[in-house]
Amino acid sequence: MTRTPPGSGWCSTAPCPCGIPGPESRRNSRASHPKASRAGRAGSDEGAMTTPAVRVRYAPSPTGQPHIGTVRTALFNWLFARHHGGKFIVRVEDTDQERLVPGSQQNILESLKWLGIQWDEGPEVDGPFAPYIQSERQKLGIYHRAAEQLIRGGNAYRCYCTREQLEQVRTQQREDKVQTRPKDPCSALSHQQRRDREAEGAPSVVRFAMPSTGTTSVQDLIRGEVTWQNEVLDDFIIIKSDGFPTYHLANVVDDHLMDISHVLRAEEWLPSTPRHVQLYRALEYAPPLFGHMPMILGPDRSKLSKRHGATSALEYRDNGYLPEALRNFMVLLGWSLDDKSEVMSLDTMVQNFTLERVSKPAAIFDQEKLLWMNGVYLRQFSHQELASRMLPFLERDLDKRLLPVDMDYLRRIAPLIQERIKLLSDAADLTSYFFQSELEYDSANLVQKGMDQMGTLAAFRRALPVLTAAPGFTHSVLDESLRAAGAELGLSPRQFFGVLRVAVTGRTATPPLFETMEVLGRQRVLGRLHEAIGRLSPA
RNA sequence: GGCGCAUUCGUCUAGUGGCCCAGGACGCCGCCCUCUCAAGGCGGAGAUCAGGGGUUCGAAUCCCCUAUGCGCUACCA
């Protein structure tokens with residue numbers, strides 16, 4: 001009945017860098033590992049070729065709050081690396097100087113840390129291929145050397161066209177319904193013409209000369225073989241006029257230099273993959289394996305964005321979600337262990353994560369299910385753990401006059417709200433009446449359905465001596481004695497306990513009354529009862 | 001418009017040609033438990049497997065076509 005968990009038994013760990021999860025792979029992506037054959041190309045790289053190891057990277061660009069989709073991609077890369085005993089590398093792709101947002105690099109790293117995704121190489125930790133920030137790597141000249149190499153080999157050329165000129169060509173082509181890619185006029189410039197333009201000091205970019213015939217294919221680890229007609233692919237820019245490389249060049253050069261074995265990125269990158277494949281070919285680099293992960297969509301099926309609510313991991317943190325819950329929820333967006341497992345430990349994820357169980361269709365981010373999962377994790381905590389997790393939120397949200405929070409007291413409150421709390425950010429609201437010296441509530445709430453003012457007052461007056469005299473202020477004692485008192489008054493438990501609840505907590509919905517009273521303690525309870533009696537008594 | 005990818009309950013998904021007139025989970029509904037609110041237990045509704053053609057003794061699963069959705073189509077990543 002139980003299926004063999006996929007992954008176990010197939011890929012032991014280290015020596016299975018292939019990304020092809022098992023002998024029975026349902027996808028015909030059984031191509032051999034390109035890097036494995038690199039030994040043959042000898043010295044083109046570092047020389048010594050051993051068993052290729054899994055080296056994957058997360059390459060965010062610091063242009064704002066890291067989107068939940070890119071964080072999920074980081075998670076998948078990390079799990080893949082851990083599953084195969086490989087390395088997970090973070091590389092900051094800040095080649096777009098115009099879109100840089102200060103502080104976003106910190107946000108990205110903080111998101112990863114919060115989620116428990118540790119990187120083996122990258123900012124802060126460095127590693128054998130440092131630096132890990134492209135603007136710093138730029139200074140090494142690696143991108144320009146690659147571009148020069150391509151120009152020399154006839155695989156790239158300088159282009160002097162202005163944006164306006166290009167826009168014209170493009171719209172013209174569109175009007176003429178030309179199906180093939182726009183051929184860049186500068187590709188046909190003569191040597192003399194180029195010299196002239198350079199002498200004029202004309203600004204230029206470097207374009208890659210895409211082959212204009214034939215096809216380019218990639219054996220995608222998730223989607224199988226994908227093929228493009230080269231004639232529809234354009235001569236994309238590899239070096240911008242500000243001298244910075246574009247993503248296309250930088251990522252190929254760096255992935256090569258950093259010995260990346262698998263490029264696992266979001267599906268939106270699939271269309272530019274033939275460019276990268278051609279770059280690898282022209283540069284004579286052994287290409288990595290590619291795998292394109294499903295995207296994450298909002299409820300309206302469009303790319304998840306601000307309009308759909310929180311889109312960055314840190315927002316979820318501030319909104320009271322647990323990293324454990326968000327991580328678990330995210331891993332299920334596009335991956336599954338089997339037909340049943342949902343709530344699972346990190347360890348289980350690592351042990352079972354294989355690309356073959358990554359699904360193809362884009363997934364919609366279901367906030368409701370995340371909320372449920374957050375509750376599941378919250379309920380699994382020990383009282384101590386829950387109290388510790390709530391503390392920072394209480395310090396943030398509770399009236400400052402109620403601080404500092406007494407940890408011992410909080411630890412006793414924790415079990416009472418554990419089944420009721422769904423977000424840590426609810427903690428203050430759920431527990432405020434434990435801390436307040438003066439309750440704030442509408443006196444009208446004291447008199448509940450089926451009761452009148454006098455009856456309510458009588459109930460309070462009857463409860464007073466019982467609570468005062470209770471031998472030990474524990475929930476079992478209180479339960480017994482108050483239940484008896486209520487019966488004497490001819491009130492149903494619902495009525496009697498209901499009015500007491502409001503008097504003691506100011507709320508109509510709380511954890512069980514007697515447990516709540518026990519934690520509050522005799523003094524607070526009696527004080528609040530007196531207060532309630534005062535509120536109801538005719539002046 | 002072009003190119004590419006995708007398509008199983010509202011949503012996340014299981015499914016690797018017979019075990020599937022399709023299983024699990026969230027959400028929803030009902031019942032139970034019960035001092036309120038939760039949590040929990042039990043049950044239910046919910047998918048003509050996008051549609052149409054093939055292949056096969058047999059198709060959610062393989063092939064083709066169509067439709068729809070999404071992505072890309074920047075000196076952004």
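Keep in mind that this is a model prediction, so the values were computed, not measured. Letters go in sequence order (proteins before strands), and every chain restarts at 1.
- Residues of residues 492-502 of chain A having a heavy atom closer than 4.0 Å to RNA chain B, listed by number: P493(A), R494(A), F497(A), R501(A).
- For F353(A) and W335(A), the distance between ring centers is under 6.0 angstrom.
- The CD1-C1' distance, from I296(A) to U11(B), rounds to 14 Å in whole Å.
- Pairing for C35(B) is absent, judged as Watson-Crick or G-U wobble with the two contacts each under 3.5 Å.
- Side chain to side chain, H292(A) and R265(A) meet the donor-acceptor criterion of an N or O pair below 3.5 Å.
- Among the protein residues, I364(A) comes within range of the sugar-phosphate backbone only, with heavy atoms under 4.0 Å from sugar or phosphate atoms but none that close to a base.
- Separation of the Y143(A) and Y247(A) ring centroids does not fall under the 6.0 Å cut-off.
- Sequence order on RNA chain B of the closest nucleotides to I421(A) and Q229(A) puts Q229(A) first from the 5' end.
- Shown here is E200(A), whose CD atom has more than 12 heavy atoms of other residues, nucleotides or ligands within 6.0 Å.
- At whole-Å resolution of the value, CE in M517(A) and C1' in U36(B) are 13 Å apart.
- With sequence neighbours excluded, the residues that form a side chain to side chain contact (heavy atoms under 4.5 Å, CB included) with S425(A) are F393(A), R396(A), L423(A).
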Every protein N/O within reach of nucleotides 20-23 of chain B N/O, cut-off under 3.5 Å:
unit_1 : atom_1 : unit_2  : atom_2 : d
G23(B) : N2     : D339(A) : O      : 3.2

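- In this structure, P512(A) reaches the bases: a heavy-atom distance under 4.0 Å links it to at least one base atom across the strands shown.
- When each of C35(B), A6(B), G24(B) is scored by its nearest atom to the side-chain atoms of E515(A), the top-ranked nucleotide is C35(B).
- Taking only side-chain nitrogens and oxygens, S359(A) comes nearer than 4.0 Å to OP1 or OP2 of U13(B).
- For the P atoms, the distance linking A39(B) with A25(B) amounts to 16 Å, nearest Å.
- Distance check on atom C1': A47(B) versus C21(B) gives 12 Å, rounded to whole Å.
- Atoms CD (E342(A)) and P (G27(B)) sit 11 Å apart, rounded to a whole Å.
- A 3.5 Å limit on both hydrogen-bonding distances identifies no Watson-Crick or G-U partner for G46(B).
- G375(A) comes within contact range of no nucleotide atom at all, as no heavy-atom separation falls under 4.0 Å.
- Rounding to whole angstrom units, CD1 of residue I222(A) and P of A6(B) are separated by 11 Å.
- The partner of G17(B) cannot be assigned: no Watson-Crick or G-U wobble pair with both contacts below 3.5 Å exists in any strand.
- Among the atoms of the strands shown, none is found under 4.0 Å from any heavy atom of F244(A).
- Note: H262(A) NE2 to I260(A) CD1 = 11.0 Å, rounded to the nearest 0.5 Å.
- Side-chain proximity of P361(A) to G4(B), U7(B), C37(B): nearest is U7(B).
- Using modelled atom types and a 3.5 Å distance limit, the side chains of N107(A) and S104(A) yield no donor-acceptor pair.
- In summary, the aromatic rings of F236(A) and H276(A) are positioned with their centroids too far apart to meet the 6.0 Å limit.
- Nucleotides U7(B) and U61(B), compared at atom P, are 12 Å apart to the nearest Å.
- Aromatic pair F497(A)/F514(A): centroids less than 6.0 angstrom apart.
- Going from atom CG of L304(A) over to atom P of C12(B) covers 13 Å, rounded to whole Å.
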Show the numbers, then the answer: is there a side-chain contact (heavy atoms from CB on, under 4.5 Å) between T505(A) and Y441(A)? CA-CA 9 Å; T505(A) 66; Y441(A) 62 93; over 6 Å; no
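- A67(B) sits 34 Å from G44(B) when the C1' atoms are compared, rounded to a whole Å.
- Among C3(B), A14(B), A38(B), the nucleotide with an atom closest to any side-chain atom of E419(A) is A38(B).
- The same atom, P, is picked in C49(B) and in C9(B); the two are 10 Å apart, to the nearest Å.
- Every residue two or more places apart in sequence or in another chain was checked for a side-chain hydrogen bond (donor to acceptor under 3.5 Å, both in side chains) with Q436(A), and none qualifies.
- Not counting sequence neighbours, the partners of A59(A) by the side chain to side chain contact (heavy atoms under 4.5 Å, CB included) test are R57(A), R91(A), E93(A).
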Pairs under 3.5 angstrom, nitrogen or oxygen only, protein versus nucleotides 40-50 of chain B, please.
unit_1 : atom_1 : unit_2  : atom_2 : d
G40(B) : OP1    : R379(A) : NH1    : 3.3

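- Separating the CZ atom of R265(A) from the P atom of C5(B) is a distance of 15 Å, rounded to the nearest angstrom.
- Side-chain proximity of T510(A) to C5(B), U36(B), C35(B): nearest is U36(B).
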Do nucleotides 69-77 of chain B as a string where each nucleotide becomes B, S or -: B if the base has a protein heavy atom under 4.0 Å, S if just the sugar-phosphate does, - if no protein is that close. -SBS-SBBB
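- With C1' as the reference atom, G24(B) and G15(B) are 12 Å apart, rounded to whole Å.
- Sorted by first and then second residue, the pairs that involve residues 486-502 of chain A and meet salt bridge (Lys or Arg N to Asp or Glu O under 4.0 Å), not counting sequence neighbours, are R462(A)-E488(A).
- With sequence neighbours left out, D366(A) forms a side-chain hydrogen bond (donor to acceptor under 3.5 Å, both in side chains) with no residue at all.
- Remark: A6(B) base-pairs with U68(B). Criterion, Watson-Crick or G-U wobble with two distances under 3.5 Å.
- Between the CZ atom of R420(A) and the P atom of U36(B) there is a distance of 11 Å, given to the nearest Å.
- C57(B) sits 43 Å from G71(B) when the P atoms are compared, rounded to a whole Å.
- Listed by chain and number, the residues in a ring-ring contact (aromatic ring centres under 6.0 Å, His included) with F473(A) amount to none (sequence neighbours excluded).
- Spacing of C1' atoms, C64(B) relative to A45(B), comes out at 37 Å, to the nearest Å.
- Taking the side-chain hydrogen bond (donor to acceptor under 3.5 Å, both in side chains) definition, one finds that S312(A) meets it with Q65(A), E315(A), sequence neighbours left out.
- Comparing K369(A) and L270(A), the nucleotide of RNA chain B nearest to each residue sits closer to the 5' end for L270(A).
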Output a table of donor-acceptor pairs, distance under 3.5 Å, between side-chain atoms of residues 427-434 of chain A and any protein atom two or more places apart or on a different chain; print 'none' if there are none.
unit_1  : atom_1 : unit_2  : atom_2 : d
T431(A) : OG1    : A427(A) : O      : 2.8
S432(A) : OG     : R507(A) : NH2    : 2.9

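- K360(A) has its NZ atom 14 Å from the C1' atom of A60(B), to the nearest Å.
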